[in-house]
Amino acid sequence: MTRPTAQAAHPTRAEWAVAGVTLAYVLGFTAWFFAIGNFEFIVYVITMAGLIALVGLNLARAAFPPVMLWALSLWGLLHMAGGGVPVGDSVLYSMPLLPLVETERYMILKYDQAVHAYGFGVTAWLLWHLMTRHFPATRGSVTALVYPLFGAMGLGALNEMIEFTAVLLVPETNVGGYYNTALDLVFNALGAGVAVALIGFGRR
């Protein structure tokens, strides 16, 4: 079995377009966070810069489809907007979308939960792409769906660790408590599950 080799190619026009849009909103929101003193989100900006670099350095080898790059960029934009766009006395991340479940301790569905589901759905899609590209023998197998599912859930847990780091560094944050963390993990898994289900049905 031969693995796909990295192509020594310059970024395509579509890749430059995604990079330009992504860098523009990251720089814009970074300036805004500093202006309003939201140092919590600086942790996320640093993390996002690392992710952008990771994707950029692997463009040729991974051969990400342009639609996947745009989906990742949209996730980043939704994330930045969630922490930077004021809504009432809080930010967009706290905004209710649909009153599906509401108790004294938590509510479903909020902007934050929708972004978690979307983002880690895209993550599962990306992991599936990498697995089937570099290990083509797994294409069409259950393994190619299960590993991206659990991989996305694991990265979702890593995201919660980053949020915990923000709490430790900046005491006044909008991260939330135990229920928020647990619901984030649930929606990470839900988004990843929907993504691999769509991939599985699409392959059939």
Side-chain angles (χ1 to χ4, degrees), residues 1-35 38 41-85 92 114-140 143-145 147-156 158-159 161-163 165-166 188 191-192 194-196 198-200 202-203:
M1 180 182 70
T2 59
R3 298 182 183 179
T5 57
Q7 299 174 355
H10 296 291
T12 65
R13 187 172 299 179
E15 290 167 349
W16 278 120
V18 177
V21 170
T22 304
L23 288 175
Y25 73 66
V26 169
L27 291 175
F29 274 109
T30 301
W32 171 247
F33 292 140
F34 274 113
N38 186 345
F41 252 75
I42 299 304
V43 176
Y44 298 105
V45 170
I46 294 171
T47 303
M48 190 163 179
L51 294 174
I52 291 171
L54 184 63
V55 171
L57 291 172
N58 288 280
L59 281 177
R61 181 173 178 78
F64 299 113
V67 66
M68 183 176 290
L69 294 176
W70 281 115
L72 287 168
S73 181
L74 176 59
W75 182 20
L77 177 59
L78 293 172
H79 181 52
M80 294 287 103
V85 176
L92 191 57
V115 172
H116 271 270
Y118 169 77
F120 287 96
V122 173
T123 301
W125 179 27
L126 181 146
L127 294 175
W128 170 84
H129 168 77
L130 292 176
M131 171 166 278
T132 56
R133 173 172 170 78
H134 294 292
F135 301 95
T138 65
R139 186 177 293 272
T143 299
L145 299 177
Y147 273 58
L149 171 63
F150 288 118
M153 291 169 64
L155 290 173
L158 176 61
N159 179 73
M161 296 179 195
I162 295 171
E163 289 192 356
T165 302
N188 293 346
V194 169
V196 297
L198 290 174
I199 292 169
R203 294 299 301 171

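Basis for what follows: all heavy atoms, side chains included, without hydrogens, waters or symmetry-related copies.
- In this structure, L77 CG and L72 CG are separated by 12.5 Å, a value rounded to the nearest 0.5 Å.
- In this structure, R139 contributes its side chain and M131 its backbone to no donor-acceptor pair below 3.5 Å.
- In this structure, H129 contributes its side chain and A62 its backbone to a donor-acceptor pair below 3.5 Å.
- One finds the CG atom of L54 at 5.5 Å from the CG atom of N58 (value rounded to the nearest 0.5 Å).
- Side-chain N or O atoms of Y118 include one that pairs as donor or acceptor with a backbone N or O of A71 at under 3.5 Å.
- Here the side chain of W32 pairs a donor or acceptor atom with the backbone of G84 at under 3.5 angstrom.
- When side chains are defined from C-beta on, L198 does not count as touching W125, because their heavy atoms never get closer than 4.5 Å.
- From S73, atom OG reaches atom CG of L23 across 9.0 Å, with rounding to the nearest 0.5 Å.
- No side-chain heavy atom of V18 sits less than 4.5 Å from a side-chain heavy atom of F64.
- Checked against a 6.0 Å centroid threshold, the rings of W75 and F120 count as neighbours.
- Counting heavy atoms from C-beta on, the side chains of L126 and T123 never come closer than 4.5 Å.
- Using a 4.5 Å heavy-atom threshold, the side chains of W70 and V21 count as touching.
- For the pair T30 (side chain) and V26 (backbone), a donor-acceptor distance under 3.5 Å is present.
- Judged by distance alone, the side chain of H79 and the main-chain N or O of M48 form no donor-acceptor pair under 3.5 Å.
- The closest side-chain heavy-atom distance from F33 to V45 is below 4.5 Å.
- Using modelled atom types and a 3.5 Å distance limit, the side chains of T132 and T138 yield no donor-acceptor pair.
- Annotation: the span from N188 atom CG to L158 atom CG amounts to 11.0 Å, rounded to 0.5 Å.
- A donor-acceptor pair is defined here as one N or O able to donate and one able to accept, closer than 3.5 Å; no such pair exists between the side chain of Y25 and the backbone of M80.
- Residues P148 and V196 approach most closely at CB-CG1, 4.4 Å, considering heavy atoms.
- Residues L155 and L127 have side chains in contact (heavy-atom distance under 4.5 Å, counting atoms from C-beta outward).
- For the pair L69 and L59, the minimum side-chain heavy-atom distance is below 4.5 Å.
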